[in-house]
Amino acid sequence: QQHRRNPSSGLTGSQQARLSSLARDLACMNGLLLKDNPASSSSGSAAPDRCMMAPITLVPSSFSKEAFNQAVELQALFNSLYHRVSRDHNFLCRVIPPAAESDSFLSALWDMYQTVRQSGADQPITLALNRADYMLDEEAGLKQVEINLMASSFGGLAQRLSTVHRQVMSAAGVSERQLAHRLPDNRPAETFGEAFIQAFKLYGRPEAAILFVVSPDERNIFDQRTLEAEIYAADASSDSPVHVPQILRRSFDQIASSARLEESSGRLYLADQEVAIVYYRHGYSPDHFSDPAGVAWSAKLLMERSRAIKCPSLAYMLANTKAVQAALCEPGAVARYLPGKSAKVEATFVDQCVLSDSRAHRWLLADPEDFVLKPQREGGGNNIYGRDVVDFASRLTTRQSAAYILMRRIRPQQQVSLMLKADQRLSRRPEMPLCVSAISELGIYGALVAKNNSERLNCSAGHVLRTKSAFTDEGGVATGFSCIDTVYLV
Ligand code: ADP
Ligand code: MG
């Protein structure tokens with residue numbers, strides 16, 4: 001396959017070694033780090049201050065300026081689309097139950113959504129921190145992989161990587177003028193911080209805290225800490241600072257033992273501290289709820305029954321499913337939410353439908369290699385590709401197959417990527433980057449703040465690229481498949 005020319009083309013071996021040394025230092029200096037994996041240490045528990053460099057590319061990857069701008073412009077529409085979907089109870093009632101029938105996690109979320117709805121609990125204010133993921137198909141152009149409305153990650157690290165990439169490119173001899181032209185301004189965490197403050201002010205309880213719901217063993221903690229810092233910074237630089245008293249980080253376990261709901265007001269407290277915003281960086285996957293006593297589920301139910309702003313709300317979590325993504329591909333579906341503006345959005349969709357649909361059967365007969373099968377899961381590592389799809393699908397009942405979607409495969413152009421990974425010490429030439437035939441996935445961040453239907457903030461908020469070997473199907477930075485990357489616009 002032809003590789004696209006990019007900033008790594010033409011760097012000599014000695015340049016690569018020199019720039020890699022610079023980039024590694026800058027990465028660590030700028031906090032492009034992951035906490036050490038406890039499983040990789042001999043004792044099974046990592047020292048709390050042990051970190052490693054996050055996997056990054058040495059230089060940015062080429063990306064079409066036109067397609068990039070297209071994705072940036074679409075973001076506000078996607079933010080509105082999903083906000084409206086989350087508020088369309090009838091639509092969720094039509095799409096979710098068939099997918100939930102043989103998926104116990106989705107079914108538990110659906111039950112909780114209904115319980116909370118019937119209790120009359122209300123969350124008038126929305127804070128949505130989204131990331132739409134795309135690949136640039138060689139033939140079909142910009143195509144959406146999925147949208148994330150929950151725990152959208154890497155905004156903090158991407159912002160820091162843009163700083164590092166700018167310096168590395170400058171050291172590689174690229175002029176300031178070129179850099180200003182090719183490397184877009186990129187501040188996802190800063191924009192998310194501003195959205196937090198706007199939502200916090202709308203909630204109107206200046207004494208209340210912000211709660212981050214986190215995994216007890218989070219490795220991507222510096223991404224989250226960046227956002228914390230940006231929330232304080234956005235407050236300090238706003239016209240009327242509220243002096244957000246605290247940002248708390250708590251696991252479901254810790255929440256279960258100290259959270260309280262004031263039934264009369266619907267207010268949420270942790271011990272005596274009121275909580276204005278519950279920001280979930282955890283709780284998107286069944287294994288986050290695996291404690292046999294159901295403590296995590298009870299903690300979640302308590303928070304959901306409160307009027308605190310949940311980012312995301314249960315309705316947003318349901319809107320975030322692959323089942324909804326497929327349902328929005330039905331003719332006329334997007335137009336109901338975005339009258340007159342649906343064509344641009346739909347242009348980024350590839351063929352997809354639930355696996356129980358008769359189209360899925362036809363597609364698989366025609367060419368299984370051209371499809372990806374996805375369950376209703378988030379967080380990577382769950383999909384089935386190519387020939388395995390047929391085998392897997394043939395073992396499912398019709399009812400079970402309603403829990404999966406079949407999606408046409410996007411085929412991005414390969415380019416050479418120079419990757420820096422912490423475990424390269426093990427390679428024969430540790431001073432050199434790994435040279436890999438790679439493909440990239442573009443994530444565009446978006447923020448929305450609303451009071452009921454009324455949008456108070458709706459913007460795009462920067463980007464991240466995740467670049468992986470062209471020969472692995474699955475992505476994921478934390479899982480070790482992908483590097484964090486940024487765009488070089490061409
Ligand atoms: P998750 O919610 O687990 O992140 P995704 O839909 O993002 O699920 O799929 C995970 C990864 O699988 C993506 O990052 C991408 O690398 C690959 N992938 C998903 N859908 C497609 C597709 N239609 N074509 C090509 N690759 C895909
Ligand atoms: Mg994904």
Side-chain angles (χ1 to χ4, degrees), residues 55 61 71 78 82 99 103 105-106 109 130-155 158 220 280-288 312 316-326 328-329 348-355 360 363-364 367-386 388-389 403-414 417 436-445 463-485:
S61 294
F78 273 114
Y82 278 94
D103 183 319
F105 180 59
L106 186 54
L109 291 174
N130 308 332
R131 194 188 71 217
D133 290 339
Y134 303 88
M135 284 174 169
L136 185 56
D137 190 276
E138 267 195 285
E139 279 160 22
L142 186 75
K143 292 293 173 186
Q144 186 164 77
V145 175
E146 65 153 351
I147 187 141
N148 301 285
L149 312 177
M150 180 167 196
S152 304
S153 56
F154 298 119
N220 190 20
Y280 287 106
R281 285 300 286 256
H282 191 62
Y284 50 79
S285 165
D287 52 306
H288 302 167
Y316 257 77
M317 273 188 88
L318 297 170
N320 196 182
T321 51
K322 311 283 191 276
V324 164
Q325 189 186 348
L328 289 174
C329 293
T348 65
F349 293 170
V350 294
D351 291 335
Q352 56 197 296
C353 66
V354 289
L355 184 60
W363 291 342
L364 283 181
D367 188 2
E369 297 287 353
D370 216 23
F371 290 91
V372 183
L373 187 66
K374 303 186 180 185
Q376 311 297 323
R377 289 288 173 274
E378 296 299 319
N382 301 301
N383 299 343
I384 298 164
Y385 298 85
D388 296 343
V389 175
Y404 292 82
I405 71 158
L406 189 68
M407 181 178 191
R408 193 176 293 280
R409 195 151 182 167
I410 310 165
R411 305 220 179 252
Q413 187 174 12
Q414 298 178 16
S417 176
V436 177
S437 261
I439 54 176
S440 297
E441 183 170 345
L442 174 69
I444 298 288
Y445 295 94
H463 80 280
V464 66
L465 272 192
R466 282 165 304 152
T467 296
K468 64 174 184 183
S469 154
F471 307 104
T472 49
D473 291 321
E474 200 61 42
V477 172
T479 43
F481 293 115
S482 306
C483 285
I484 309 176
D485 192 358

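The shown structure was predicted, so the numbers you read here are calculated from the model rather than taken from an experiment. When a ligand or atom number is given, it counts from 1 through the structure's own listing order. The figures here come from the full heavy-atom set of this structure, side chains too, leaving out hydrogens, waters and symmetry mates.
Salt-bridge check for K468 with E441: failed, with every basic side-chain N at 4.0 Å or more from each acidic carboxylate O. The pair E138-R411 does not meet the salt-bridge criterion, since no charged nitrogen lies less than 4.0 angstrom from a carboxylate oxygen. A salt bridge links R408 with D370: the distance from a Lys NZ or Arg NE/NH1/NH2 to an Asp or Glu carboxylate oxygen falls below 4.0 Å.
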query = Where do T467 and S440 land on the side-chain hydrogen bond (donor to acceptor under 3.5 Å, both in side chains) test, with the steps shown first?
reply = CA-CA 4 Å; T467 296; S440 297; 2.8 Å; yes
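Less than 4.0 angstrom separates some heavy atom of R409 from each of these atoms of ligand 1: 23 (N), 24 (N), 25 (C). Residue G379 approaches ligand 1 through these ligand atoms, each under 4.0 Å from one of its heavy atoms: 1 (P), 2 (O), 3 (O). Those atoms of ligand 1 that come under 4.0 Å of a heavy atom in R377, given as number and element, are 2 (O).
Ligand 1 has no N or O atom lying under 3.5 Å from any N or O atom of V350, backbone or side chain. Any N or O atom pair closer than 3.5 Å counts here, and G380 shares at least one such pair with ligand 1. Of the N or O atoms in R408, one or more lie within a sub-3.5 Å distance of an N or O in ligand 1.
Only the side chain of Y385 comes within 4.0 Å of ligand 1, judged by heavy-atom distances. Of all the heavy atoms of M407, the ones lying under 4.0 Å from any atom of ligand 1 belong exclusively to the side chain. Contact annotation: for R411 versus ligand 1, there are no heavy atoms closer than 4.0 Å. With a heavy-atom cut-off of 4.0 Å, V372 touches ligand 1 through its side chain alone.
With 3.5 Å as the limit, one finds no donor-acceptor pair spanning the side chains of N130 and S152.
For the residues R466, K322, Q144, the heavy atom positioned nearest atom 8 (O) of ligand 1 is part of K322. Nearest-heavy-atom check against atom 6 (O) of ligand 1 across E146, K374, K468 picks out K374.
Nearest N, O or S atom of E146 to the Mg ion (ligand 2): atom OE2.
Between L149 and P312 the shortest heavy-atom distance is O-CB, 3.5 Å. Pairing each heavy atom of G283 with each of H288, the nearest pair is N-ND1, 2.9 Å.
L136 has its side chain out of reach of L442: every pair of non-hydrogen atoms, C-beta onward, lies at least 4.5 Å apart. Looking at R409 and Y385, their side chains come closer than 4.5 Å, going by heavy atoms from C-beta outward.
Residue N383 places a heavy atom less than 4.0 Å from ligand 1.
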